[in-house]
There are 2 protein chains.
Amino acid sequence: MEARIEKIKQQLQSQGYKLTPQREATVRVLLENEEDHLSAEDVFMLVKEIAPEIGLATVYRTLELLSELHVVEKLNFGDGVARYDLRTDSSKHHHHHLICVQCGSMEEIMEDWLIPLEERLEQEYGFHVIDHRLDFQGICRRCRESRESDE
Amino acid sequence: MEARIEKIKQQLQSQGYKLTPQREATVRVLLENEEDHLSAEDVFMLVKEIAPEIGLATVYRTLELLSELHVVEKLNFGDGVARYDLRTDSSKHHHHHLICVQCGSMEEIMEDWLIPLEERLEQEYGFHVIDHRLDFQGICRRCRESRESDE
DNA sequence: TTCTATAATGATAATGATTCCAAACATCGT
DNA sequence: ACGATGTTTGGAATCATTATCATTATAGAA
């Protein structure tokens with residue numbers, strides 16, 4: 001944990017930013033909830049517990065800053081709320097999401113299936129891809145199975 | 001044009017809704033601006049021109065209704081504004097978007113490149129895909145070329 | 001046609017997410 | 001330590017969207 005915070009501190013400092021107590025508290029919350037896709041509001045509430053004097057705007061700014069530094073990934077599932085995920089070293093490319101419209105669960109696919117498509121975009125459209133977002137809405141296996149046993 | 005309005009009228013009526021003058025004006029604006037990705041505010045301003053007495057809430061309500069009926073598709077590019085696209089009969093599947101982070105332009109790809117991926121999802125993950133969203137952020141050809149001539 | 005029940009509308013208030021701004025803070029040269 | 005300069009902060013403001021509510025329009029029954 002401390003090692004990862006130290007690493008992020010380095011990343012900030014290399015760009016001329018400081019790891020202030022507020023930023024550190026925010027990063028700690030992200031590290032402790034690495035599995036979840038937290039919204040800024042979620043992060044804010046959790047940070048409040050360890051640093052009650054923090055302001056919501058600071059959390060937004062910190063998340064935005066970390067996003068620019070590629071420490072976190074800003075996600076958008078179409079519900080009007082931005083969510084933030086820590087990027088692990090291994091995931092240079094984004095993973096994709098399977099969002100179940102029945103139970104609301106979200107599963108991640110860590111494979112990146114879009115590399116051939118991105119190459120095609122560069123060649124056929126002259127479009128240089130920096131980032132992408134791919135989400136699927138549908139019915140997850142669990143809901144499918146319970147639905148079958150119901151009917 | 002009239003034929004398409006008539007068709008939408010049928011769709012509304014089949015679900016017990018009426019094509020009121022306000023809804024018709026909204027649909028006309030969408031038909032006349034089919035190429036664009038209009039925000040609710042955009043639609044509102046355009047509808048005002050042909051039906052000045054309309055309220056913003058009605059435009060929002062109408063767009064939401066049309067979205068539920070799958071007449072329009074509600075898009076979200078992460079800029080905090082929902083945008084609405086008419087769905088054409090041919091596009092059962094969504095098209096994809098190339099969003100330029102430099103000039104903000106947006107290009108559409110009408111091909112659906114995800115069909116093989118969706119099949120894989122069904123088989124490997126047991127996930128039944130209903131809908132998907134694929135957006136690429138990057139630098140468009142035009143910006144790339146002008147950037148090269150600048151430097 | 002007239003009455004009645006229901007759906008739809010427009011104005012405005014409320015909400016939720018995000019951003020702006022003046023004040024607090026830290027850093028550096030003196 | 002002291003002031004100048006730029007950074008960071010928290011609260012207030014803003015923007016998009018949704019809910020409320022009183023009013024109006026509509027369709028069907030009598």
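What you see below is based on every heavy atom in this structure, not just the backbone, and it leaves out hydrogens, waters and symmetry mates. Everything numeric in this text was worked out from a predicted model, so none of it was measured. Residue numbers begin at 1 in each chain, while the letters A, B, ... track the order of the sequences.
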Could you state the atom-to-atom distance from [atom1] of [X] to [atom2] of [N] in whole Å?
X: Leu66(A); N: dT8(D); atom1: CG; atom2: C1'; answer: 14 Å
X: Leu38(A); N: dA17(C); atom1: CG; atom2: P; answer: 14 Å
X: Leu75(B); N: dA16(D); atom1: CG; atom2: C1'; answer: 16 Å
X: Glu24(B); N: dT26(D); atom1: CD; atom2: P; answer: 13 Å
X: Tyr84(A); N: dA17(C); atom1: OH; atom2: P; answer: 11 Å
X: Leu19(B); N: dA25(D); atom1: CG; atom2: P; answer: 17 Å
X: Leu12(B); N: dT26(D); atom1: CG; atom2: P; answer: 15 Å
X: Asp42(B); N: dC15(D); atom1: CG; atom2: C1'; answer: 14 Å

Steps toward salt bridge (charged side-chain N to carboxylate O under 4.0 Å, His left out) verdict (Lys48(A), Glu53(A)): CA-CA 7 Å; Lys48(A) 273 250 147 180; Glu53(A) 74 292 354; over 6 Å; no
Taking atom NZ of Lys9(A) as the centre, does the number of heavy atoms from other residues, nucleotides or ligands within less than 6.0 Å exceed 12? no
Is the phosphate of dT17(D), meaning OP1 or OP2, less than 4.0 Å from a side-chain N or O of Tyr60(B)? yes
I'd like to compare against my own output: the B/S/- annotation of nucleotides 3-13 of chain C with a strict under-4.0 Å heavy-atom distance to protein. ----SSBBB--
For Phe136(A) and His132(B), take the angle between the two ring planes, folded into 0 to 90°, and tell me which bin it lands in: parallel under 30, tilted 30 to 60, perpendicular over 60. perpendicular
Would you check if the side chain of Arg83(B) reaches a backbone N or O of His37(B) as a donor-acceptor pair within less than 3.5 Å? yes
Candidate pair Leu38(B) and Val29(B), rule side-chain contact (heavy atoms from CB on, under 4.5 Å), full reasoning: CA-CA 10 Å; Leu38(B) 299 176; Val29(B) 162; 4.2 Å; yes
Going by the salt bridge (charged side-chain N to carboxylate O under 4.0 Å, His left out) test, which pairs reach into residues 18-39 of chain A, not counting sequence neighbours? Glu2(A)-Arg28(A), Arg4(A)-Glu34(A), Glu24(A)-Arg28(A)
